[in-house]
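One structure is given here, and the rest of the page talks about it.
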Number of protein chains: 4
Amino acid sequence: MAEARSFQGKRARRAEEKAARRADILRVAERMFASEPYESITVARLAREAGIGKGTVYLYFPTKEALFLTLVGEKLQAWLQEVLRQLEAHEGPVEHAVVEVLTLSLAERPHLLALLSMVHSILERNVEVRMVLGFKMGLIEALGPVARWLDDAMPAFSEGDGMTFLLWAHSAMVGMFQAFAPGGNAALALQDPRVAVLARDPLVALQSALAAWLRGWKTTGAVVGEG
Amino acid sequence: MAEARSFQGKRARRAEEKAARRADILRVAERMFASEPYESITVARLAREAGIGKGTVYLYFPTKEALFLTLVGEKLQAWLQEVLRQLEAHEGPVEHAVVEVLTLSLAERPHLLALLSMVHSILERNVEVRMVLGFKMGLIEALGPVARWLDDAMPAFSEGDGMTFLLWAHSAMVGMFQAFAPGGNAALALQDPRVAVLARDPLVALQSALAAWLRGWKTTGAVVGEG
Amino acid sequence: MAEARSFQGKRARRAEEKAARRADILRVAERMFASEPYESITVARLAREAGIGKGTVYLYFPTKEALFLTLVGEKLQAWLQEVLRQLEAHEGPVEHAVVEVLTLSLAERPHLLALLSMVHSILERNVEVRMVLGFKMGLIEALGPVARWLDDAMPAFSEGDGMTFLLWAHSAMVGMFQAFAPGGNAALALQDPRVAVLARDPLVALQSALAAWLRGWKTTGAVVGEG
Amino acid sequence: MAEARSFQGKRARRAEEKAARRADILRVAERMFASEPYESITVARLAREAGIGKGTVYLYFPTKEALFLTLVGEKLQAWLQEVLRQLEAHEGPVEHAVVEVLTLSLAERPHLLALLSMVHSILERNVEVRMVLGFKMGLIEALGPVARWLDDAMPAFSEGDGMTFLLWAHSAMVGMFQAFAPGGNAALALQDPRVAVLARDPLVALQSALAAWLRGWKTTGAVVGEG
DNA sequence: TATGAATGAGTATTCATTCAT
DNA sequence: CATGAATGAATACTCATTCAT
């Protein structure tokens, strides 16, 4: 029995170590992504910076894409939990709170938008359907509580409108980030005064857009996705 | 095939013939993009399907990216011109017309959204700043008349709001297309009933979102340049 | 008869024009080669700078290599003619004159060495045997008089030694130029003090080497090339 | 073929095994270069003939040029070591020994001259300065002992003359090889009796030229760096 | 003659992933 | 468990030359 416990202990310790190493890898990936584009991050360098072997990365994640998809999922869930927490503690008009909470919490996570914008390009290639599905189900799980809170708290919202609003918001976030905070040469081009009218602050634009949506909200009816 | 090879062996000596061949190449590119992702399109195959030599493609476009950027620009301008035409001929409430015209004309151009969603990934890499700038200036030129029409026709719009609305709409279009009409495995995953709540019709969503924006519109002030 | 003469005149004028245009092309090629490596010179740019069409270049030279081979031949012949002229007018010891004339006249033709060093790499590829042979026969024709002059004027030389010496000199010129006046990164590397011992002035080295050969000359016997 | 594939499937984990595989690659490169020009050798074929994957080549050498530069360096050092060994064991007049040793040892290494003649064309393009510098420093290290031996053993040599003589010899070797043992169509042209006077045996010419230099040697003074 | 539009061969290199050790 | 050596697929672009006009 002592032996068994010891074995259990070992396994537990092992499991802890594994989780820690997995977290390590994700942390390194996050740090790297903060300063360089996805394509320029090689698994070899990621492993080296994490102090492990290349092959070891593949003991924890089946592919490079899966690794970053996991990262996005975690950051997204953490953000949504924080959003829910802040919403539940809000004061003043709910519409105002919703807009504020969403945009301000996003401002504190500068890389989240870049990660989110990457999801579709990543999801669409090199990841198995099963994993995409897993990600999306995790997303629903994270969105759910916020959506339900919105359904309840927003006077103009009928059931399901919370989720619709969140999906719209997500689309706007991604679209505006790509348009107003592009990378590479597009960023340089945006600095030219001749195209100044196209240069907007992504978070300001998002804020205005979300507020307008809420002001003009009209329930969309029981929306159930097309098959 | 015979049609595609219509130019083979001939030499485009007059500006007219050269423009025709250029248009030919763009047409082939458009056709190919309609059925496969950008990355899988090789210049060699594009040339073969156009019935010309690889090198000939490079007589008309400096790079593969420039070719597709030109394609997007042309389709975008054509769409915006059509939008303006329909807006000027609209009947009934202007808000309703704006939403209808934008979404219905988009529905008639099934590949435009895919092209638009590609722009940022293309612009951000492999294209010279000068060319990005050229594209963006062309975009402004095409957006301008529509934006001004909106400024005038929309009671709730102050000067500049037309352009802001169009930029928001563009962002929403791109973001919603990526979220609701993804490619590859993401499309397959979206068909699973467990994530049905994430599966929306992109054009319906866009329509509702644009309408909500207009209903809730509150002038954003004279927004110029980056905030 | 008048008509025939007129025709002859036309032909003659045409012939003159052709020669002039051919010379034009060579002059432009020479100017370009003076400031950039052979590989970076494109026929298209050469034609443009000469104010003619690409195809026109090929009316005067069968290949790019042939064009430059012709250029080398002309410069080489001009140089050897000048060398002979100066040798015939020399004063003082003949050995000294030979070395001086060869190196000083070379110093006045800064690009000749680069052209000469190119010959073998060019000859070995893309030029028909017949043309290589023509070049070499022209070379013999130009070397001949100088070689014979050397045979006569140099006390230590037997018949044939003049040509042998010239061939040795040519080899040394090419070898030393490649070693001591390289292009690209090799030139940069040579500037490093750690390899200073390898950095020599090519003309000084050539001068010393030629002088040493003459001082130590011993007739090599009737050398007739291996078949 | 079986021999070439001796490593296939194995993994070189120890430094010893890695050195062996590296040597293997160099050996294959040497064999290929013996029968075809550098440009026609593709890394893909090199790898196939070595029984390894394309990528594996790049595990051992950063570029194709670096691979061949390494090859030249190794052969050159081996040759110079052999030269020094034979010089130290020479009998009879030192001048005679120097000429004999240099030319005869070269005759036993038929591909060395081709390799050496390639160096400048390779060094001048596609290789980083650092690597050129490394090559040149290795060259100095290999030349040094021979140069010093010459300084001591040759009565006519002052300090530094040994190195000067070796550099001259190197230039003559390269120049004469290119002139008298060309490749491609130039070789064919040289067989024509009309240019027989240009056809010399490169090693015989080198031998005579070196002997003449030594006979006529006059110290050049302490030559250091560029003149 | 002159033109320039058309052609198409040709290749080094990276990097995610596997699997022998 | 961990490692890192080995793998190999995959592709835009240039430019000398030709030949229809």
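Residue numbers begin at 1 in each chain, while the letters A, B, ... track the order of the sequences.
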Taking OH from B/Y58 and P from E/dG10, how many angstroms apart are they, rounded to a whole number? 18 Å
Listed nucleotide nearest any side-chain atom of A/T56, set F/dA12, F/dA2, E/dT17: F/dA2
Short side-chain N/O contact to E/dG8 OP1/OP2 from B/R48, under 4.0 Å: no
Between CG of B/L46 and P of E/dT7 the distance, given in whole Å, is 13 Å
Need the pair for F/dT14. Rule: Watson-Crick or G-U wobble, both distances under 3.5 Å, any strand; none if unpaired. E/dA9
Please compare D/G53 and C/K64 by the position of their nearest nucleotide in DNA chain F and report the one closer to 5'. D/G53
Between the base of E/dG10 and the side chain of B/K54, is there a donor and acceptor pair under 3.5 angstrom? yes
Across the strands shown, which category fits D/I41 at heavy-atom distances under 4.0 angstrom: base, sugar-phosphate, nothing? sugar-phosphate
For B/E17 and E/dT3, what is the distance between atoms CD and P respectively, to the nearest whole Å? 19 Å
First of B/A44 and C/T63 reached from the 5' end of DNA chain F, by closest nucleotide: B/A44
Of the candidates E/dT13, F/dC1, E/dA5, the side chain of A/L59 sits closest to F/dC1
Is A/K64 salt-bridged to A/E39, cutoff N-O under 4.0 Å? no
Distance check needed: F/dT14 C1' versus C/E39 CD, whole Å only. 14 Å
Separation of F/dC13 atom C1' from B/R45 atom CZ, nearest Å, is 18 Å
With both distances kept under 3.5 Å, what pairs with F/dA20, Watson-Crick or G-U wobble? E/dT3
Could you please spell out the steps behind the ring-ring contact (aromatic ring centres under 6.0 Å, His included) verdict for D/F68 and D/Y38? CA-CA 9 Å; D/F68 279 89; D/Y38 176 77; 5.0 Å; yes
If you compare all heavy atoms of A/L133 against all heavy atoms of B/A189, which two are closest, and at what distance to 0.1 Å? CD1-O, 3.4 Å
For a side-chain contact (heavy atoms from CB on, under 4.5 Å) check, start with the C-alpha distance between D/E36 and D/R45, then their side-chain angles and the critical distance, and finish with the verdict. CA-CA 12 Å; D/E36 56 179 313; D/R45 244 178 57 244; 2.2 Å; yes
Taking 4.0 Å as the cut-off, does a side-chain nitrogen or oxygen of D/T42 come that near to OP1 or OP2 on E/dT11? no
Length of the line joining B/D24:CG and E/dA6:C1', which is rounded to integer Å: 15 Å
Does D/Y60 place a side-chain N or O at less than 4.0 Å from the phosphate oxygens OP1/OP2 of F/dA5? no
Which whole-number value in Å describes the distance from B/I52 CD1 to E/dT7 P? 6 Å
Are D/D24 and D/R21 ion-paired here, with the side-chain N under 4.0 Å from a carboxylate O? no
Without decimals, in angstroms, what is the distance between A/M32 CE and E/dC15 C1'? 13 Å
Is there a side-chain contact between B/R21 and the phosphate of E/dA6, meaning an N or O under 4.0 Å from OP1 or OP2? yes
Nearest-nucleotide wise, let me know which of A/G55 and D/S40 is further upstream toward the 5' end of DNA chain E. D/S40
Of A/L59, A/L71, A/L67, the residue whose pairing with A/I25 passes side chain to side chain contact (heavy atoms under 4.5 Å, CB included): A/L67
